[in-house]
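Residue numbers start from 1 in every chain, and the chains themselves are labelled A, B, ... in the order their sequence lines are given, proteins ahead of strands.
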Protein chains: 2
Amino acid sequence: MTLKSLVRNRSVFLYGASLAVLLMFLKVLEWRMLLISHAYELYAGAIAILFTGLGMWLAHKLTHPRPKTVIIEKEIFVKTDYFVFNHAEVARLRLSNRELEVLQLMGDGLSNLQIADRLFLSLNTIKTHSSKIFGKLEVQRRTQAVEKARKLSIIL
Amino acid sequence: MTLKSLVRNRSVFLYGASLAVLLMFLKVLEWRMLLISHAYELYAGAIAILFTGLGMWLAHKLTHPRPKTVIIEKEIFVKTDYFVFNHAEVARLRLSNRELEVLQLMGDGLSNLQIADRLFLSLNTIKTHSSKIFGKLEVQRRTQAVEKARKLSIIL
DNA sequence: TTAAAAATCACCCTAAAGTATGAGCCGGGT
DNA sequence: ACCCGGCTCATACTTTAGGGTGATTTTTAA
């Protein structure tokens, strides 16, 4: 066990140390506790609370470097003239991320069911999104939505 | 304390319940432990381990579940500044004039009925044209047809 | 802590789209 | 004259899309 690995797993060793210290502390308390008959509930409760907190802290420490990736789309550009995504229009129309995503797939000619499968969602969910999209774009059909979205440079 | 808040903080209450159950369990164990003199270390250790795990679980529950990473691969195709009508492709696909006309209107987001009215034709006729178009373009839906037609520079 | 917005899903119903088949009309070739 | 392709339309049927409503959960913002 090298010093390096000890440093690397600092949290774990810190936890071990804390545990040891607490156990010693409790061992000392034990004699006092014996004076109070039937106080085991308090004793157990104290340990429970302490170690619950310790566990939470440990969990937090160990899961700290979590990759909070919120990458939504990755586009592979083959070749294109310059397309400038119209954020302003999206904001004005109050289109959410999901809605934009669905709209994009619509533009690719996918059916609602296909979109649902692609996004691991229910068909009903896609229908709901579709309806909202149509409402916001003030159109009736998906073809019109795609047309308008293209004109507004919301989708490619 | 309303039922609503109880539901909202389900994790917390679940933790409370677990704690209660475990304490009861330990209370029962207590009598067995008493048989073994000087086994408090084991007792405390067991509680410590149990509640450490519980704490970690709780922490995991309470921390925000990481937003799932959705990666969409989207191919973007060529789209030149000025539109050059692709006669060759139309010929290759054996698309008739009418079919091309209908396809164009489809691309404008019109419904079959609207196309029918526009061209002074029956709805059934448009449906027939549509079917033929889909067959020739090897697609299933109008949105796909429009997509493909655009890619091939058959329509604007 | 609360409120609002976003996201998810369900159910029901209507409208539109799409499939399959058959048929009549018309104009240009051979 | 006859055939063929394009165009037109119909009937019947299946599938998909869309509208409306309501509910739950998650996320975000105030």
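- If you take CD of Glu138(B) and P of dT19(C), they are 13 Å apart, rounded to a whole angstrom.
- Comment: Arg150(B) does not engage Glu147(B) in a salt bridge, judged by the lack of any side-chain N to carboxylate O separation of less than 4.0 angstrom.
- Taking 4.0 angstrom as the limit, Arg142(A) places a side-chain polar atom (N or O) nearer than this to OP1 or OP2 of dG18(D).
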(request) Would you mind building the protein contact string for nucleotides 25-30 of chain C? One character per nucleotide, 5' to 3', B for base within reach (heavy atoms under 4.0 Å), S for sugar-phosphate only, - for untouched. (result) ------

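- Remark: Ala145(B) pairs with Leu103(B), Phe134(B), Leu137(B), Val139(B) by the side chain to side chain contact (heavy atoms under 4.5 Å, CB included) rule, at least two apart or across chains.
- Of all heavy-atom pairs between Phe85(B) and Ile154(B), the closest is CE1-O, 3.0 Å.
- In this entry the distance linking CZ of Arg141(B) with C1' of dA17(D) reads 11 Å, nearest Å.
- Separating the CD1 atom of Ile133(A) from the P atom of dA7(C) is a distance of 10 Å, rounded to the nearest angstrom.
- Under the 4.5 Å side-chain criterion, counting only non-hydrogen atoms from C-beta, Leu152(B) is in contact with Leu93(B).
- The side chain of Ser131(A) places an N or O atom within less than 4.0 Å of a non-bridging phosphate oxygen (OP1 or OP2) of dG19(D).
- The backbone N or O of Leu100(B) sits nowhere less than 3.5 Å from a side-chain atom of Gln104(B) that would complete a donor-acceptor pair.
- Two residues are said to be in side-chain contact when any heavy atoms from C-beta on lie closer than 4.5 Å; Ser111(A) and Arg141(B) meet this criterion.
- Linking ILVMFWY side-chain heavy atoms closer than 4.5 Å, directly or via other members, places Met106(B) and Leu156(B) in a single hydrophobic cluster.
- Using a 4.0 Å cut-off between charged nitrogen and carboxylate oxygen, Glu99(B) and Lys132(B) do not count as a salt-bridge pair.
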(request) Going 5' to 3' through nucleotides 4-14 of chain D, assign each nucleotide B (protein heavy atom under 4.0 Å from a base atom), S (under 4.0 Å only from sugar-phosphate atoms) or - (no protein heavy atom that close). (result) --SSBBBB---

